[in-house]
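Single-structure report; data block below.
The figures that follow rest on heavy atoms only: side chains count, while hydrogens, waters and symmetry mates do not. Just so it is clear: chains get the letters A, B, ... in the order the sequence lines come, proteins before strands, and each one is counted from 1.
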Amino acid sequence: MTGAGNYLRIWAVVRRIPRGRVSTYGRIATLARLPGHARQVGYAMHGLPSDTSVPWQRVVNAKGEISRRARSGGEVTQRLLLEREGVRFNSRGRIDLEAFGWPKAR
DNA sequence: AAACTGACTAATA
DNA sequence: CTATTAGCCAGTT
């Protein structure tokens, strides 16, 4: 994979997300100096090893929802991990990015 | 090589 | 709110 270097940048940004906060693919891409490469961020997450220390669960899509993957199963784990950190989901399964988004808005 | 696919986003209608 | 279009790019078939 030729984009391995980009993965490292992406992971480095994800590691900076504080506990109890979430960020979006697009934001991560921009912070990693790869504006417009949101899709690549998704790829980087998909390629993480199962024993990673990267807090991948703190990355959600622009709507504040957990993205669906091709192989389901991980979404439930992700939501559980986030709730355990104090992230609240509304009745529609969405996170209020104004309250839990990172970097902190406002 | 060409076509497809996918943990995405933003703009527009 | 949904649908469509376009931009992005690595990995797979």
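Here B:dG6 is the nucleotide among C:dA10, B:dA10, B:dG6 with the atom lying nearest to any side-chain atom of A:R39. The listed nucleotides are B:dT9, C:dC1, B:dG6; the one nearest the side chain of A:A62 is B:dT9. Among B:dG6, C:dC1, B:dA7, the nucleotide with an atom closest to any side-chain atom of A:R92 is C:dC1. Out of C:dA10, B:dT9, B:dA7, the shortest distance to the side chain of A:S67 is found at B:dA7. Checking B:dA7, B:dT9, C:dC1 against every side-chain atom of A:A38, the shortest atom distance belongs to B:dT9. With B:dT9, C:dC9, C:dC1 as the candidates, the nucleotide lying closest to the side chain of A:N61 is B:dT9.
Counting non-hydrogen atoms under 4.0 angstrom, A:E75 reaches nothing in the nucleic acid.
A cation-pi arrangement is not found for A:R88 relative to A:F100, the charged atom failing to lie both closer than 6.0 Å to the ring centre and inside a 45° cone about the ring normal.
Between the A:R68 side chain and the A:I66 main chain, no donor and acceptor come within less than 3.5 Å of each other. Side-chain atoms of A:N61 come within 3.5 Å of backbone N or O of A:G64 as a donor-acceptor pair. Not a single donor-acceptor pair under 3.5 Å links the side chain of A:T30 to the backbone N or O of A:P35.
Residue A:H37 places at least one side-chain N or O closer than 4.0 Å to OP1 or OP2 of C:dC9.
For the P atom pair drawn from C:dA6 and B:dA7, the interatomic distance equals 23 Å after rounding to whole Å.
Residues A:L80 and A:V60 are members of separate hydrophobic clusters, defined by side-chain heavy-atom contacts under 4.5 angstrom among Ile, Leu, Val, Met, Phe, Trp and Tyr.
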What are the atom names and distances for every N/O pair under 3.5 Å that joins the protein to nucleotides 3-6 of chain C?
none

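The existence of a salt bridge linking A:R21 and A:E85 is excluded, since no basic side-chain nitrogen approaches an acidic carboxylate oxygen closer than 4.0 Å.
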